Protein chains: 4
Amino acid sequence: MESENSRRPLRQKVGDWIESERIQALIIAIIAFNALTLGLETSAYVMRHAGGILMWVETVILTVFVIEILLKLFAFRLGFFRSGWNVFDFIIVGIALIPASGPLAILRAFRILRILRLVTKVQRLRHLVESLLKALPSIGWIVVLMLMVFYIFGVMGTKLFGDSHPEYFGTLGATLYSLFQVMTLESWSESISRPVMATYSYAWIYFLSFVLITVFTVLNLFIGIIVNTMQEKHFEEEDLKRQAVEERAHEEREEMVRLLRQLDARMQRLENGSGTVTEGPGRD
Amino acid sequence: MESENSRRPLRQKVGDWIESERIQALIIAIIAFNALTLGLETSAYVMRHAGGILMWVETVILTVFVIEILLKLFAFRLGFFRSGWNVFDFIIVGIALIPASGPLAILRAFRILRILRLVTKVQRLRHLVESLLKALPSIGWIVVLMLMVFYIFGVMGTKLFGDSHPEYFGTLGATLYSLFQVMTLESWSESISRPVMATYSYAWIYFLSFVLITVFTVLNLFIGIIVNTMQEKHFEEEDLKRQAVEERAHEEREEMVRLLRQLDARMQRLENGSGTVTEGPGRD
Amino acid sequence: MESENSRRPLRQKVGDWIESERIQALIIAIIAFNALTLGLETSAYVMRHAGGILMWVETVILTVFVIEILLKLFAFRLGFFRSGWNVFDFIIVGIALIPASGPLAILRAFRILRILRLVTKVQRLRHLVESLLKALPSIGWIVVLMLMVFYIFGVMGTKLFGDSHPEYFGTLGATLYSLFQVMTLESWSESISRPVMATYSYAWIYFLSFVLITVFTVLNLFIGIIVNTMQEKHFEEEDLKRQAVEERAHEEREEMVRLLRQLDARMQRLENGSGTVTEGPGRD
Amino acid sequence: MESENSRRPLRQKVGDWIESERIQALIIAIIAFNALTLGLETSAYVMRHAGGILMWVETVILTVFVIEILLKLFAFRLGFFRSGWNVFDFIIVGIALIPASGPLAILRAFRILRILRLVTKVQRLRHLVESLLKALPSIGWIVVLMLMVFYIFGVMGTKLFGDSHPEYFGTLGATLYSLFQVMTLESWSESISRPVMATYSYAWIYFLSFVLITVFTVLNLFIGIIVNTMQEKHFEEEDLKRQAVEERAHEEREEMVRLLRQLDARMQRLENGSGTVTEGPGRD
């Protein structure tokens with residue numbers, strides 16, 4: 001609509017151009033290509049033979065990303081940061097600009113996070129992620145409860161088994177990690193519970209109750225999400241159907257009531273006026 | 001409402017004060033702070049440098065908790081014990097008062113259970129726990145069945161494999177623990193079933209049937225809870241909606257029936273009296 | 001009703017007596033007590049000190065069970081075998097009568113199966129087991145499919161890895177057991193897949209496809225049972241509610257139609273009559 | 001219908017014959033028998049004593065399968081390839097014809113895939129597989145998301161841990177396999193995460209976030225299928241019921257409206273013409 005207006009400011013022109021379908025498709029292709037080159041960088045063989053080219057490609061792609069974001073910043077100014085997805089893009093690209101040397105060398109490994117930008121560009125993926133995130137609040141309090149259970153068993157485990165089994169229960173952090181492992185049921189008995197039971201024979205109470213409580217709670221968390229998803233996804237369309245059916249029924253009933261009222265009115269006129277009707281029955 | 005009544009007995013004043021929002025918020029804050037200090041106690045480093053302070057803080061907090069419960073006991077007397085949550089609070093605080101020395105030293109580790117008092121104080125958590133507990137009765141008989149399966153396989157396992165594999169099947173207790181491990185599928189084959197099969201080649205029948213039976217039963221227990229939760233959570237509100245729709249439809253139909261009866265009556269009068277109507281149409 | 005008839009044959013009297021609530025409650029108590037004594041037999045300590053008594057108790061209890069079944073056979077003759085639960089009882093008790101010596105000594109361990117008789121005696125348990133078994137047919141074909149998947153991967157695995165890893169894939173039976181272990185995800189990678197991959201680097205295709213296929217199939221089996229259970233348990237009562245609502249609506253609508261027809265008839269008579277009464281209006 | 005036409009071309013006769021119930025039942029029996037002989041081939045004992053016979057049986061059965069497909073190709077020509085199931089049959093039988101020597105010897109193990117032809121022949125199995133496959137598209141985008149998560153963690157893991165733990169994270173392929181193992185929760189902590197954490201203490205962030213993200217995503221994938229299946233299976237029949245109920249209600253309401261309109265018309269005629277009524281409406 002606004003494209004007719006050829007005298008719109010430069011900022012708007014730039015904004016329209018950068019968000020045009022053609023340019024966005026190009027950016028998506030570049031992100032996908034970047035994912036490939038970052039994957040190739042993990043191969044020692046490829047790095048030996050084509051490391052220089054990959055570095056050069058990386059620089060070019062990063063430049064494109066930076067220019068895209070700069071143009072968007074120019075076009076939309078602070079409005080750019082209003083969308084959570086834009087902020088996400090900004091951080092992802094920003095990480096790549098930090099000189100990754102010394103203790104920050106680890107940040108180089110984070111560049112692959114850039115392919116998450118696909119999620120912000122491809123609508124179907126964005127909707128999917130949004131719907132996954134939407135399920136989170138409904139499980140908020142059950143997560144609080146779970147954290148309390150972890151904290152209680154964490155403090156107890158550290159105090160009870162910390163001295164004898166420092167590898168698994170030495171510090172609160174170590175205990176919490178071990179409890180997470182127990183919750184996933186990974187080697188909970190052979191590597192953790194049985195060795196502890198060899199020292200403290202009563203330890204089975206601690207582990208069995210933790211397993212039962214967390215599995216039961218995770219189960220309920222799970223059920224909470226199922227019930228929620230079913231309500232949202234299914235029953236909305238179910239409701240629409242039912243509403244349509246009910247709407248028709250309601251209209252038909254209203255029509256009937258209207259007709260009945262009309263009949264009743266006619267009838268009453270007839271009853272009241274049947275004496276006077278003889279004179280001049282002209283009214284409708 | 002009753003706060004206007006300034007001459008209410010001291011007991012009631014104390015009860016109102018201790019249950020006032022301000023005081024309860026303070027107690028919640030103290031519980032959370034206590035959780036933190038109990039967590040810090042697990043750190044050997046912190047205990048070396050600030051152990052004295054932590055012990056002192058612990059004493060102060062415990063005193064506050066004891067005073068709170070004493071005031072409540074004074075205010076509500078035996079009525080205090082009518083609520084399960086109060087009994088729970090009473091026991092949790094009571095444990096901390098037992099002199100934790102000698103064989104009872106283990107009770108010191110139980111002090112962290114105090115943060116469960118948050119559940120009794122924060123309504124959302126209390127409701128959540130209550131709804132979790134409400135799911136339990138519906139699975140009662142399936143748990144009985146499960147216990148029978150465990151007992152049967154427990155006795156059989158002890159008799160069959162007890163002599164050759166005492167670590168896993170030496171006593172009924174050891175076998176039941178091993179069966180619990182098998183049910184969670186943790187190392188059931190590598191650590192338990194395969195070694196036993198090396199001695200008794202037919203043992204796979206025992207383990208496979210146990211795995212299949214318990215997994216199938218747990219699955220059904222699980223489904224029982226899902227079906228139950230869905231019925232409770234979802235269908236109640238669904239029912240309310242449907243009732244509202246049906247209510248309107250019913251009212252409209254009743255209105256129609258009423259109008260029809262009225263019409264019929266008019267009609268009958270007309271039919272019967274249409275001869276006399278001309279004379280004096282005064283009746284309504 | 002028939003108890004008034006004091007001259008009913010002896011067989012019927014015996015049948016009524018053995019199935020009376022009092023006798024059945026006694027049998028239930030004896031089964032529970034037997035479960036306890038069979039559990040005690042697993043303890044070497046108890047056997048040393050009270051083994052003789054336990055053997056004697058066992059003989060007495062077995063005698064009671066045999067008498068119960070003999071009386072039932074006398075009372076109901078071959079009709080006794082019409083109920084699957086009776087056949088089950090008969091076999092369970094019968095096993096205990098086989099002289100458990102030599103290669104049959106293993107049957108002694110099966111005596112604990114007797115506590116399953118509780119299921120046949122306690123109605124709630126019987127209903128629960130029946131409802132669990134009722135879920136089985138609905139998963140019949142998916143089990144057939146699963147068996148085919150196991151057979152295919154079993155034959156392939158034995159041919160491909162049998163020579164190099166005889167412990168896990170030496171025979172078709174060994175492979176099927178290993179595949180069951182893989183399906184439960186127990187040490188599938190560390191103990192089975194990784195060692196095989198060390199020999200045959202392509203083996204990951206075999207294991208990943210097996211894991212994905214079986215997990216997906218088990219998932220669908222699971223979903224099949226959920227959907228089935230929900231349809232049966234929930235929607236029946238839902239349907240009843242909806243039918244009640246619809247019934248009322250239908251009756252109200254029928255009443256309206258009846259009234260309308262009546263009105264119409266009255267009206268027609270009025271119209272027809274009002275015309276002939278004066279001029280002679282032939283219109284319908 | 002067409003069987004009356006005795007002069008139909010040979011191609012059609014052959015097509016009818018090969019697809020006749022009798023011949024197809026025979027083929028099913030041969031497939032099942034072939035499954036048995038292929039299973040027997042895995043036994044070294046059987047191969048020693050009856051290997052020659054099994055080879056001969058194999059040749060005969062393969063010949064039958066080839067003839068069946070050739071006849072079908074003759075009968076339906078390229079139309080044969082229109083059904084996905086036929087293409088599947090063609091490939092399965094084709095594999096067996098490749099001379100399995102040298103590097104292709106592995107194809108001999110694929111002959112057991114032939115029993116999958118049972119799926120194409122038995123309708124119930126075909127329907128089941130089709131319904132399983134139908135559930136796949138609904139999870140398409142969530143699989144794309146999952147692949148992205150695997151790729152991101154794969155590249156990061158290889159860069160971060162590749163040098164210190166080459167067995168698990170040496171190449172991108174090795175890392176992806178290890179991540180799959182972590183996702184199935186198999187020995188994820190004892191064999192993978194703990195050793196890595198011994199080198200890089202921060203590694204728990206990598207593993208915990210991967211476990212939480214994938215478990216949450218798999219959970220949602222799972223829920224997606226449940227919701228989908230329930231909508232399809234259950235609500236269709238539910239909808240049919242509701243439609244039937246609504247249809248009746250609608251018809252009854254339409255009948256009422258029709259009757260009311262008729263009444264109203266009569267009434268209006270009466271009102272308009274009531275001038276003549278006054279004279280003599282005496283009957284009934």
Side-chain angles (χ1 to χ4, degrees), chain A residues 141-142 144-145 148 151-160 162 171-172 175 185-191 193-194 197 202 204 208 211 215-217 219-220 222-224 226-227 230-231 235 239 242-243 246 249-250 253-254 256-257 260-261 263-264 267-268 270-276 278, chain B residues 35 38-39 41-44 106 108-110 112-113 115-116 118-119 124-125 127-129 131-132 135 173 177-178 180-181 184-187 190-191 222 225-226 229-230 233-234 237-238 241-242 245 248-249 252-253 255-256 259-260 262-263 266-267 269-270 274 277-281 283-284:
Chain A
W141 284 100
I142 222 164
V144 169
L145 202 69
M148 277 176 62
Y151 194 71
I152 289 170
F153 278 87
V155 171
M156 281 180 74
T158 314
K159 289 211 176 168
L160 293 173
T171 65
L172 186 55
T175 308
L185 299 178
E186 199 275 283
S187 303
W188 72 267
S189 182
E190 290 301 316
S191 301
S193 172
R194 282 189 188 272
M197 277 164 71
Y202 62 80
W204 64 270
L208 256 72
V211 166
V215 166
F216 185 69
T217 315
L219 178 73
N220 271 279
F222 180 96
I223 292 170
I226 290 186
V227 172
M230 292 205 59
Q231 274 176 311
F235 294 101
D239 270 12
R242 204 179 297 151
Q243 265 174 34
E246 172 55 21
H250 181 59
R253 286 193 305 263
E254 293 236 297
M256 283 187 262
V257 169
L260 281 168
R261 292 236 164 84
L263 263 175
D264 196 48
M267 206 66 191
Q268 202 163 4
L270 197 69
E271 246 187 342
N272 292 342
S274 60
T276 57
T278 34
Chain B
L38 286 168
E41 278 186 33
T42 62
S43 160
I106 204 176
R108 284 190 68 76
F110 283 12
I112 187 65
L113 285 173
I115 75 168
L116 283 177
L118 275 182
V119 177
R124 287 295 296 270
L125 284 174
H127 285 348
L128 183 64
V129 170
S131 81
L132 289 181
Y177 176 86
S178 298
F180 184 80
Q181 180 182 337
T184 64
L185 300 178
E186 200 275 282
S187 304
E190 290 302 315
S191 302
F222 181 96
I225 300 180
I226 289 186
T229 314
M230 293 204 60
K233 278 210 183 155
H234 173 73
E237 86 183 57
E238 185 78 345
K241 258 193 226 166
R242 205 180 295 151
V245 162
R248 192 179 65 164
E252 288 174 0
R253 286 193 303 265
E255 169 71 6
M256 283 187 263
L259 280 165
L260 281 168
Q262 188 177 320
L263 264 175
R266 284 192 203 283
M267 204 66 190
R269 282 200 302 272
L270 197 71
S274 57
V277 162
T278 35
E279 284 122 48
R283 39 155 147 152
D284 185 45

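Proteins come first, then strands; the chains are lettered A, B, ... in the order of their sequence lines, and each starts at number 1. Keep in mind it's a predicted model, so treat the numbers as computed, not measured.
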| So what's closer than 4.5 Å to chain B heavy atoms on A:Leu260: side chain, backbone, both or neither? | both
| field | Flag side-chain contact, heavy atom, 4.5 Å: B:Arg124 against A:Val144 | value | no
| message | Please find the pair of heavy atoms, one from B:Glu186 and one from A:Glu190, that lie closest to each other, and give the distance. | response | OE1-N, 2.9 Å
| query | So which of A:Phe216, A:Trp188, A:Trp204 has the largest heavy-atom pair count under 4.5 angstrom toward chain B? | reply | A:Trp188
| Any side-chain heavy atom of B:Leu125 sitting closer than 4.5 Å to one from A:Met148? | yes
| request: Kindly indicate whether the side chain of B:Leu185, heavy atoms from C-beta on, has any atom under 4.5 Å from the side chain of A:Leu185. | output: no
| Is it the side chain or the backbone of A:Val211 that comes within 4.5 Å of chain B heavy atoms, both, or neither? | side chain
| said: Need one label for A:Tyr202: side chain, backbone, both or neither, based on atoms under 4.5 Å from any heavy atom in chain B. | reply: side chain
| said: Looking at every non-hydrogen atom in both residues, tell me the closest pair between B:Leu38 and A:Val155 and how far apart they are. | reply: O-CG1, 3.9 Å
| So which of A:Leu172, A:Thr175, A:Thr171, A:Thr217 has the biggest tally of heavy-atom pairs under 4.5 Å with chain B? | A:Leu172
| said: Counting heavy-atom pairs under 4.5 Å with chain A, which one of B:His127, B:Glu41, B:Gln181 comes out on top? | reply: B:Gln181
| query | Minimum heavy-atom separation for B:Ala109 to A:Met156, with atom names? | reply | O-CG, 3.1 Å
| task | Compare every heavy atom of A:Ser193 with every heavy atom of B:Tyr177, then report the nearest pair and how far apart it is. | result | OH-OG, 2.5 Å
| remark: Bottom line for B:Thr42: the part with an atom under 4.5 Å from chain A's heavy atoms is both
| said: So for B:Leu128, is it side chain, backbone, both, or neither that comes closer than 4.5 Å to the heavy atoms of chain A? | reply: side chain
| field | Engaged part of B:Ala44 at the chain A interface, taking heavy atoms whose separation is under 4.5 Å | value | neither
